[in-house]
Trainee: 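Please find one structure pasted underneath; my questions will follow.
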Amino acid sequence: MAVDDGFLGDLWVTVSAWLSGLGLAVLFAVPAGLLLGSLPWLDTAALAVVELARPIPSVALIPLAILVFVEPDRVERALVCYAALWPILLNTLYGLRDVDPVAKETLRSFGFGVVGVLWRVSLPSAGPFVVTGVRIAASVGLIVVVSAELRAGGDGGLGVYLLDTQSGGGRPDLMVAGACWAGVLGVLANGGLVWVERRLLGGGEPPPPHPRRPPRPSHNGGAPPPPPPHRPERPRPQTPDGLKEPGTLKEPGGPKEPGGTKR
């Protein structure tokens, strides 16, 4: 199948519809997430629409998409875009909520506006969340595009190829092989996005520890340094006349006679 021109043509139709729908989802979801995450009042106003449209399965919209879009490739792109929109949008919102507010206030104190704070702090901090949303959306979009081809048909595609293997007596071996090819596409897409995340967002392995500096050579030919000079101990303070202990005061009037009278 890897050298079959007919199968490779069907595979390319699926990949092109899948990637174009995923690209449209990224183009719509990331700016919408940045806008909703930057404006709390707009996020609150759009919350009902998002929570209502998000649980609708994309496969259930296939008949409606067939009625709206005449060409099968447009049906597949629209469904992939709709299915991939929500993971990217929600992960972008979660990433913006996780941004350190101290960093944003620091940039505002230096005179940066809303766009500067969004570009320099919010978007880099939300980058890992956005890439994770794209990874989830890629897997969902691949399922949707094959399902749409199985339901809507068309001139080519992996789903159409699977339908052809079931007709004319059936070829279960080709059908299972086509499903395995869909799994290979998912693995390659996930690995490519992980590589992009590590290269662009600094998620790779930590750098090796800095080597210790060698000891500086001594000026006396490598001999050990001489010991510090001996310092003699200071003499302890003596008890002055008339004091019982250091720090006590003299008795007023001088020393007394044995009989109790003063001299």
Side-chain angles (χ1 to χ4, degrees), residues 1 4-33 36 46-92 130 133-190 192-193:
M1 295 171 67
D4 186 3
D5 294 337
F7 173 75
L8 293 179
D10 292 333
L11 191 65
W12 172 247
V13 171
T14 299
V15 171
S16 61
W18 173 38
L19 294 181
S20 58
L22 186 63
L24 289 174
V26 173
L27 188 62
F28 292 149
V30 174
L36 295 178
L47 181 62
V49 178
V50 172
E51 294 298 329
L52 178 65
R54 181 173 60 89
I56 300 176
S58 302
V59 181
L61 298 177
I62 292 178
L64 179 62
I66 293 176
L67 292 176
V68 175
F69 304 101
V70 180
E71 300 179 3
D73 56 345
R74 293 187 177 181
V75 173
E76 297 158 6
R77 289 188 179 92
L79 292 174
V80 171
C81 178
Y82 180 83
L85 183 71
W86 307 112
I88 303 174
L89 177 62
L90 295 179
N91 276 272
T92 305
V130 175
V134 174
R135 288 171 56 189
I136 299 173
S139 302
V140 175
L142 182 61
I143 297 172
V144 171
V145 70
V146 176
S147 302
E149 291 171 349
L150 287 171
R151 179 65 178 84
D155 299 332
L158 189 57
V160 177
Y161 179 83
L162 295 177
L163 287 176
D164 293 340
T165 56
Q166 295 178 2
S167 61
R171 289 292 305 274
D173 53 346
L174 297 180
M175 182 176 60
V176 174
C180 292
W181 273 91
V184 169
L185 290 178
V187 171
L188 292 178
N190 184 74
L193 290 173

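Computation of the quantities below employed the complete heavy-atom set of this structure, encompassing side-chain atoms and omitting hydrogens, waters and symmetry-equivalent molecules. Heads up: numbering here begins at 1 and tracks the sequence.
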Trainee: Would you say that V145 contacts L79 through its side chain, given a criterion of any heavy-atom pair below 4.5 Å between the two side chains?
Mentor: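 Sidechains of L79 and V145: no contact.
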Trainee: Where do V59 and S147 come nearest, in terms of heavy atoms and distance?
Mentor: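 Nearest heavy atoms, V59 then S147: CG2-CB, 4.4 Å.
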Trainee: Out of curiosity, E76 CD to C81 SG, how far, rounded to the nearest 0.5 Å?
Mentor: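 It is 14.0 Å, given to the nearest 0.5 Å.
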Trainee: Whether the side chain of N190 engages the backbone of G186 through a donor-acceptor N/O pair (distance < 3.5 Å, no angle test) should be reported.
Mentor: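 Checking the backbone N and O of G186 against the side chain of N190, no donor-acceptor pair under 3.5 Å is found.
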Trainee: What distance do M175 atom CE and L163 atom CG have between them, rounded to the nearest 0.5 Å?
Mentor: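 One gets 10.5 Å once the value is rounded to the nearest 0.5 Å.
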Trainee: If you look at every heavy atom in L36 and A46, which pair is closest and at what distance?
Mentor: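 Smallest heavy-atom distance, with atoms named: CD2-CB, 4.0 Å.
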Trainee: Is the shortest heavy-atom distance from the side chain of L185 to the side chain of L11 under 4.5 Å?
Mentor: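 L185 vs L11: side chains touch.
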Trainee: Side chain to side chain contact (heavy atoms under 4.5 Å, CB included) for R54 and L89? Distances and angles first, verdict last.
Mentor: CA-CA 10 Å; R54 181 173 60 89; L89 177 62; over 6 Å; no
Trainee: If you define the side chain from C-beta out and look only at heavy atoms, does anything of Y82 sit under 4.5 Å from I56?
Mentor: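 Yes, at least one pair of side-chain atoms sits under 4.5 Å.
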Trainee: For residues 12-22, tabulate all N or O donor-acceptor pairs below 3.5 Å that involve a side-chain atom, not counting sequence neighbours.
Mentor:
| residue | atom | partner | partner atom | Å |
| --- | --- | --- | --- | --- |
| T14 | OG1 | D10 | O | 3.4 |
| T14 | OG1 | E149 | OE1 | 3.1 |
| T14 | OG1 | E149 | OE2 | 2.9 |
| T14 | OG1 | L158 | N | 2.5 |
| S16 | OG | W12 | O | 3.0 |
| S16 | OG | V13 | O | 2.9 |
| W18 | NE1 | A138 | O | 3.0 |
| S20 | OG | S16 | O | 2.8 |
| S20 | OG | A17 | O | 3.0 |
| S20 | OG | R77 | NE | 2.8 |

Trainee: What distance do M1 atom CE and Y161 atom OH have between them, rounded to the nearest 0.5 Å?
Mentor: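 Going from CE on M1 over to OH on Y161, the span is 3.5 Å.
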Trainee: Measuring from atom CG of L67 to atom CD1 of I62, what distance do you get when rounded to the nearest 0.5 angstrom?
Mentor: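 Output value for this atom pair is 12.5 Å.
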Trainee: With rounding to the nearest 0.5 angstrom, report the CG to CD1 distance, N91 to I136.
Mentor: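 Nearest 0.5 Å value for the CG-CD1 distance: 5.0 Å.
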Trainee: Can you check whether L174 reaches F7 side chain to side chain, under 4.5 Å on heavy atoms?
Mentor: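 No, their side chains stay 4.5 Å or more apart.
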Trainee: Let me see the working for V30 and I88 under side chain to side chain contact (heavy atoms under 4.5 Å, CB included), right down to the final yes or no.
Mentor: CA-CA 7 Å; V30 174; I88 303 174; 3.9 Å; yes
